[in-house]
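Hydrogens, waters and symmetry mates play no part in the numbers below; they use all other heavy atoms, side chains included.
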Amino acid sequence: SMETMQEIIATHDKKYRYMLLDRMRTDCAYYLGNGNRQVKHLWAGNVEEQIEDMKMLWDSFKPDEKPEWLTMEDIESLEKRMK
């Protein structure tokens, strides 16, 4: 079974988590573009969980580790556009 986001955060290093968050961000861009809003393109399999997991993952970084390429505002903006 697929690991839950809590498990991923608990067991994977910062580099892996950055890569996963970037992949999830890419999923969202594809979903909104050439993916024609098909949820099969999303890592989590649906919009609500994708956004929830991205917020959880983003929150797992310490304040000085937060990715400059994705803010919480960016995630909230994706959420609005995807719903």
Test Asp74 against Thr71 for side-chain hydrogen bond (donor to acceptor under 3.5 Å, both in side chains), laying out the working first.
-> CA-CA 5 Å; Asp74 292 334; Thr71 64; 3.2 Å; yes
Is it true that a side-chain atom of [X] and a backbone atom of [Y] form a donor plus acceptor pair closer than 3.5 Å?
X	Y	result
Arg17	Leu57	no
Asn36	Gln38	no
Thr26	Asp22	yes

Should the pair Tyr30 and His41 be assigned to parallel (<30°), tilted (30 to 60°) or perpendicular (>60°) ring geometry?
->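 Aromatic pair Tyr30/His41 classed perpendicular.
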Around atom CD of Glu76, are there more than 12 heavy atoms of other residues, nucleotides or ligands at under 6.0 Å?
-> yes
How long is the straight-line distance from [atom2] of [Y] back to [atom1] of [X], given to the nearest 0.5 Å?
X	Y	atom1	atom2	answer
Ile9	Tyr16	CD1	OH	11.5 Å
Thr4	Gln6	OG1	CD	4.5 Å
Met56	Leu21	CE	CG	12.5 Å
His12	Glu7	NE2	CD	10.0 Å
Trp58	Glu65	CH2	CD	11.5 Å
Ile75	Leu70	CD1	CG	4.5 Å

Do the side chains of [Y] and [X] get nearer than 4.5 Å, heavy atoms only?
X	Y	result
Arg25	Trp69	yes
Trp43	Met54	no
Glu3	Thr11	yes

Would you say Met19 and Met5 are hydrophobically clustered, going by side-chain heavy atoms of ILVMFWY under 4.5 Å?
-> no
Criterion salt bridge (Lys or Arg N to Asp or Glu O under 4.0 Å) on Asp59 and Lys55, from CA distance to verdict | CA-CA 6 Å; Asp59 281 336; Lys55 287 178 179 176; over 6 Å; no
Distance-minimising heavy-atom pair for Lys83 and Glu48 = NZ-CG, 4.4 Å
